[in-house]
There are 2 protein chains.
Amino acid sequence: MSEGFLPPVEDRPAVTVDVVIFSLVEDDLKVLLVQRDRQPFLGQWGIPGGFVYRHEALESAAARKLDDETGVKNVYLEQLYTFGSPNRDPRSRVITVAYFALLPYAAIRELDEARASWFPLNALPPLAFDHEEIVQYALTRLRYKLEYTTVGFRLLPDLFTLSELQKAYEIILDERLDKRNFRRKILAAEILQETGQMKRDGEGRPAKLYGYRDDAITEIKTRRLFP
Amino acid sequence: MSEGFLPPVEDRPAVTVDVVIFSLVEDDLKVLLVQRDRQPFLGQWGIPGGFVYRHEALESAAARKLDDETGVKNVYLEQLYTFGSPNRDPRSRVITVAYFALLPYAAIRELDEARASWFPLNALPPLAFDHEEIVQYALTRLRYKLEYTTVGFRLLPDLFTLSELQKAYEIILDERLDKRNFRRKILAAEILQETGQMKRDGEGRPAKLYGYRDDAITEIKTRRLFP
DNA sequence: GCAAAAGTGTTCTGTCTACACCCATGT
DNA sequence: ACATGGGTGTAGACAGAACACTTTTGC
């Protein structure tokens, strides 16, 4: 049977949520890290996280942390994995439910630049706890998701051009994609809608601005987008 | 920063592991349930689970539960999802890290038949807590895994014929598969090895017995096995 | 010799890949 | 008029799906 009796409180682990926050910053995929202001690992960088409140759902706790750090709500947030090695926190038993989040850089409203900073994935500083492992796990999952689903949009602002979307995919997957094939597949997935608006800023021909259809954000059941 | 301070013990949730144990029983995919001998949900069925010991890894706790119920070690065990709605346990805050396991029915050494019983997935009794949701989540994941990876073997004994394997896939996916295409794809995945032995029991031509290559049990990176 | 299950190839179809040029705008 | 990025179609390769007969054994 499950949960047959409650263990004494002193045997209970502490439970945290940690959030790997990805965004595209200056044409690079970056992760938001915060510098610890307490022991253990004082002064080291880590991913944002904290304890789950007593009556709070796990995903709410993750969303709260995300809001705390960036001031952004309604971002893509997905449970990643639960890490619970007995000694991952030197103080005591701490189990962390890790999430990963995708957010458009432009949506960030408040960022305490004294504490928080964006790091590219190939130049991470030494991280506290097992956060290095968590970040790598999140990156693997993100790439996988990008191949099979359409979450890539969630890194872009509400309106975007197909070229911007392709560039995002190329940055994250770290490979060049064919323009015509990319456009055909993305449009075939029927998750975008033309807005009728055009983007005309730099040189060149103006580009159609697309938005994503709210009803189609979820998983793609068909085949891989980028095999 | 993550895990900045430890919360007082009285604010800590209890943490359990629950394991959805799948096996093929009498040509059907079934789940092992146990009848609760305590409140809450006294007398109702649920998936096996229990509290995580103080210095125990999560996966070890899941493996321990599995061993407790079935006497089987070294089975396929994968973390599924962590369920933590604030009121999922009526007594207090309990967060559960759910796992799913695949095991060959023949491997079961000890099963307390007064408490534990196998149920087919389309005829589950009312389940305790949110276990119904957990089981459905596990079934979705199992089918998904079967399409993309090769975990299907883990439901069969060490040696098996291709027909037996195909039948297992058909039962779980609940659709008929073409014999020639199935064999070609499974063999192309290079996860099986012929053992040289033959199975000769009932009528008909004897079948080659295959085993799985230990080095190839993990994920398949290529494309779907059964699109 | 027949019932029962194992084993085996080929054709067709649809999807993915590779690839090059014209279009609309700003300067 | 030219530089810049946006936008479009097609042929060949490849993988998946559909499909029927022969082989080996037990009775």
Side-chain angles (χ1 to χ4, degrees), chain A residues 27 146-150 152 156-157 159-171 173-211 220-227, chain B residues 27 143-144 146-150 152 156-157 159-171 173-211 220-227:
Chain A
D27 285 347
L146 225 56
E147 285 176 345
Y148 281 93
T149 74
T150 59
L156 297 177
L159 296 183
F160 49 87
T161 69
L162 292 184
S163 294
E164 287 165 349
L165 184 60
Q166 180 178 346
K167 191 168 194 178
Y169 275 76
E170 287 178 337
I171 288 168
L173 298 176
D174 196 25
E175 60 182 297
R176 289 199 60 80
L177 301 171
D178 179 83
K179 183 161 59 161
R180 278 168 292 191
N181 294 339
F182 179 85
R183 294 162 102 91
R184 191 177 324 116
K185 282 185 202 169
I186 284 285
L187 293 175
E190 297 191 317
I191 36 175
L192 298 190
Q193 54 189 5
E194 287 191 36
T195 60
Q197 301 176 62
M198 302 291 268
K199 173 167 188 169
R200 50 182 86 250
D201 50 20
E203 320 230 306
R205 175 174 172 176
K208 288 181 184 170
L209 282 167
Y210 289 81
I220 285 271
K221 295 272 175 194
T222 57
R223 51 199 75 241
R224 300 174 71 158
L225 284 168
F226 305 101
Chain B
D27 285 349
R143 288 190 168 139
Y144 182 85
L146 224 56
E147 285 177 345
Y148 281 93
T149 73
T150 58
L156 297 177
L159 296 182
F160 50 87
T161 69
L162 292 184
S163 295
E164 288 165 348
L165 184 60
Q166 181 178 344
K167 192 168 193 180
Y169 276 75
E170 287 177 336
I171 289 167
L173 298 176
D174 194 26
E175 60 182 297
R176 291 198 59 79
L177 301 172
D178 179 84
K179 182 159 63 159
R180 280 168 290 190
N181 293 340
F182 179 86
R183 294 162 102 90
R184 187 170 337 108
K185 282 185 202 169
I186 284 286
L187 294 175
E190 295 191 319
I191 36 174
L192 298 190
Q193 55 190 5
E194 285 191 37
T195 60
Q197 301 176 64
M198 301 293 265
K199 172 167 189 169
R200 51 183 85 250
D201 50 19
E203 319 232 305
R205 175 172 171 176
K208 288 182 184 170
L209 282 166
Y210 288 81
I220 286 269
K221 294 273 177 192
T222 57
R223 50 198 75 238
R224 300 173 72 156
L225 283 169
F226 305 102

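None of these values were measured; they are calculated from a predicted model. Per chain, numbering begins at 1; letters A, B, ... match sequence-line order.
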Chemist: Using atom CG of B:L209 as one end and atom C1' of C:dA6 as the other, report the distance to the nearest whole Å.
Modeler: 12 Å

Chemist: Rounding to a whole Å, what distance do you find between B:N181:CG and D:dA15:P?
Modeler: 14 Å

Chemist: Is it true that a side-chain atom of A:Q166 and a backbone atom of A:R183 form a donor plus acceptor pair closer than 3.5 Å?
Modeler: no

Chemist: Does A:E203 or A:D178 map to a spot on DNA chain D nearer the 5' end, using the closest nucleotide for each?
Modeler: A:E203

Chemist: Between B:E147 (CD) and D:dA17 (P), how many Å, whole number?
Modeler: 11 Å

Chemist: Can you check whether any acceptor in the base of D:dA17 is under 3.5 Å from a donor in the side chain of B:R180, or vice versa?
Modeler: no

Chemist: Is there a side-chain polar atom (N or O) of B:R183 under 4.0 Å from OP1 or OP2 of C:dG7?
Modeler: yes

Chemist: Relative to the 5' end of DNA chain D, which residue comes earlier, A:G204 or A:K179, by the nucleotide with the nearest heavy atom?
Modeler: A:G204

Chemist: If you round to the nearest 0.5 Å, how far is CD of A:E194 from CG of A:L159?
Modeler: 12.5 Å

Chemist: Between the opening five pairs and the closing five pairs of the helix from C:dG1-D:dC27 to C:dT27-D:dA1, how far apart are the helix axes, to 10°?
Modeler: 10°

Chemist: Rounded to whole Å, how long is the line connecting atom NZ of A:K185 with atom C1' of C:dA18?
Modeler: 12 Å

Chemist: Would you say C:dA5 has OP1 or OP2 under 4.0 Å from some side-chain N or O of B:S163?
Modeler: no

Chemist: Using a 4.0 Å heavy-atom cut-off across all strands, classify A:K208 as base, sugar-phosphate, or nothing.
Modeler: sugar-phosphate

Chemist: Is any N or O donor-acceptor pair between the side chain of B:R184 and the base of C:dG7 shorter than 3.5 Å?
Modeler: no

Chemist: How many whole angstroms separate atom CZ of A:R205 from atom P of C:dA24?
Modeler: 5 Å

Chemist: What distance separates B:Y169 OH from B:E147 CD, expressed to the nearest 0.5 Å?
Modeler: 10.5 Å

Chemist: Is it the case that the ring center of B:Y148 lies less than 6.0 angstrom away from the ring center of A:Y148?
Modeler: yes

Chemist: Short question: side chain of B:T195, backbone of B:L209 - any donor-acceptor pair under 3.5 Å?
Modeler: yes

Chemist: Evaluate the criterion side-chain contact (heavy atoms from CB on, under 4.5 Å) for residue pair A:L192 and A:F160; output intermediate values, then yes/no.
Modeler: CA-CA 10 Å; A:L192 298 190; A:F160 49 87; 3.8 Å; yes

Chemist: In whole angstrom, what separates B:L162's CG from C:dG7's C1'?
Modeler: 9 Å

Chemist: A:K199 NZ to D:dG6 P: how many Å, rounded?
Modeler: 9 Å

Chemist: Between C1' on C:dA18 and CZ on A:F182, what's the gap in Å once rounded to a whole number?
Modeler: 17 Å

Chemist: Do B:E175 and B:E170 have side chains that approach each other closer than 4.5 Å (heavy atoms only, starting at C-beta)?
Modeler: no

